[in-house]
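Only heavy atoms go into these numbers, but all of them, side chains included; no hydrogens, no water, no symmetry mates. Quantities reported herein were computed from a predicted structural model and do not represent experimental measurements. We count ligands from 1, going down the list as the structure has it; atoms in each ligand are counted the same way. For reference, positions follow the sequence shown, starting with 1.
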Amino acid sequence: MGEALYRDGAAEPPDEDAVFERIATALADRGWCVVDEGLPPPLVGDLADRVRQLSTATFHTASVGRDQDQMHNAFVRRDEIRWIEGEDAAEQAWLAWAGRLRSYLNRRLFLGLFSFECHFAHYPPGAFYKRHVDAFRGEANRILTTVLYLNPGWAPDDGGEMLLYPEDGDGEPRRIRPEIGTLAVFLSEAFPHEVLPARRDRYSIAGWFRLNASTAERVDPPC
Ligand code: OGA
Ligand code: MN
């Protein structure tokens with residue numbers, strides 16, 4: 001009898017198109033979804049190793065919008081980030097996976113997603129990101145947010161949950177534990193969210209699918 005390797009007791013990794021279809025259906029129905037084990041666990045493990053290997057010296061304190069006021073930034077968010085450009089095999093495999101998800105969602109939901117930008121994020125103990133939305137109506141070219149968590153054995157009292165509030169408003173948020181392999185996907189304009197302070201180092205990849213924002217002055221590179 002084969003040993004169960006995956007959380008749902010299955011011996012095989014989840015079929016990629018089945019995962020993409022689950023995401024597409026949830027986005028069409030309600031604009032968000034959380035998938036526990038949507039990516040191949042070996043890839044997620046490599047990304048978790050990668051983010052820990054990258055020296056904290058290469059991470060930058062994240063900035064907020066166009067706000068240059070560092071005092072204000074530190075009040076809003078305390079994470080450190082490093083943009084992912086495909087510099088190693090794990091980064092390339094992740095970008096390729098995101099590219100296939102982009103094509104799937106464009107075929108299935110006609111979203112017109114053009115590119116994907118993403119960064120590793122490290123929240124040291126006590127770090128947080130106050131309630132915000134990832135895009136503003138009007139200037140929005142960020143359409144869809146993804147957050148992939150990279151923390152094995154995250155206990156309920158480690159804190160660090162992402163609170164995902166109901167669309168455009170108030171009410172009880174969903175609490176998403178940043179356990180390794182958990183992927184959250186939601187419409188960037190619609191869902192306010194925040195990151196609670198954690199008691200451990202907390203690692204993730206935040207990513208955004210964008211529309212083509214090219215103008216006469218600025219050509220948006222596809223990636
Ligand atoms: C972000 C963000 C959520 C998380 O980077 O914009 O909201 O759980 N991240 O890391
Ligand atoms: Mn966000």
Below 3.5 Å, N or O to N or O, backbone or side chain included: is there any such pair between His132 and ligand 1?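 Yes: some nitrogen or oxygen of His132 is under 3.5 Å from one in ligand 1.
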Does His193, backbone or side chain, put an N or O under 3.5 Å from an N or O of ligand 1?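 Between His193 and ligand 1 (N or O atoms, distance only) the closest approach is under 3.5 Å.
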_Angle subtended at the Mn ion (ligand 2) by OD1 of Asp134 and NE2 of His193, nearest 10°_ =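 With the Mn ion (ligand 2) as the vertex, OD1 (Asp134) and NE2 (His193) sit 100° apart.
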So which heavy atom in the protein is nearest [atom], and how far is it from that ligand atom?
| atom | result |
| --- | --- |
| atom 1 (C) of ligand 1 | Tyr129 CE1, 3.6 Å |
| atom 3 (C) of ligand 1 | Val195 CG2, 3.5 Å |
| atom 8 (O) of ligand 1 | Tyr149 OH, 2.6 Å |
| atom 9 (N) of ligand 1 | Tyr123 OH, 3.8 Å |
| atom 5 (O) of ligand 1 | Ala206 CB, 3.7 Å |

Side chains of [X] and [Y] in contact at under 4.5 Å (non-hydrogen atoms):
| X | Y | value |
| --- | --- | --- |
| Ser188 | Trp208 | yes |
| Phe191 | Val133 | no |
| Leu196 | Arg175 | yes |

Requested in this report: Please work out whether any backbone atom (N, CA, C, O) or any side-chain heavy atom from C-beta onward of Ile176 is under 4.0 Å from ligand 1, and answer side chain, backbone, both or neither.
Outcome: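 It is neither; nothing of Ile176 touches ligand 1.
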Please work out, at 4.0 Å between heavy atoms, whether the side chain, the backbone, both, or neither of Glu194 comes within that distance of ligand 1.
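For Glu194, there is no contact with ligand 1 at all, from either part.
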Subset of ligand 1 atoms that lie under 4.0 Å from at least one heavy atom of [X]:
| X | answer |
| --- | --- |
| Met162 | 3 (C), 8 (O) |
| Trp208 | 6 (O) |
| Val147 | 4 (C), 8 (O), 10 (O) |

For ligand 1, is [X] a contact, meaning one of its heavy atoms is under 4.0 Å away?
| X | answer |
| --- | --- |
| Tyr203 | no |
| Arg202 | yes |
| Ser204 | yes |

Give the ring-plane orientation class for Trp83 versus His119, where under 30° counts as parallel, over 60° as perpendicular and anything between as tilted.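 Rings of Trp83 and His119: perpendicular, over 60°.
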query = Quick one: does Asn151's side chain have a donor or acceptor within less than 3.5 Å of a partner on Pro178's backbone?
reply =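 Between the backbone of Pro178 and the side chain of Asn151 there is a qualifying donor-acceptor contact (under 3.5 Å).
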Is it the case that His122 and Asp201 place a side-chain donor and acceptor less than 3.5 Å from each other?
->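 Distance-only check passes for His122 and Asp201.
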Glu21-Tyr104 side chain donor-acceptor pair, cut-off 3.5 Å
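Yes, Tyr104 and Glu21 have a side-chain donor paired with an acceptor closer than 3.5 Å.
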Using the ring centroid of each side chain, check whether Phe186 and His193 are separated by less than 6.0 Å.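 So the answer is yes for these two rings.
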Within a 6.0 Å radius of atom CZ on Arg22, are there more than 12 heavy atoms belonging to other residues, nucleotides or ligands?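 Open.
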Which pair of heavy atoms, one from Arg200 and one from Pro152, lies closest together, and at what distance?
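It is NH2-O, 3.2 Å.
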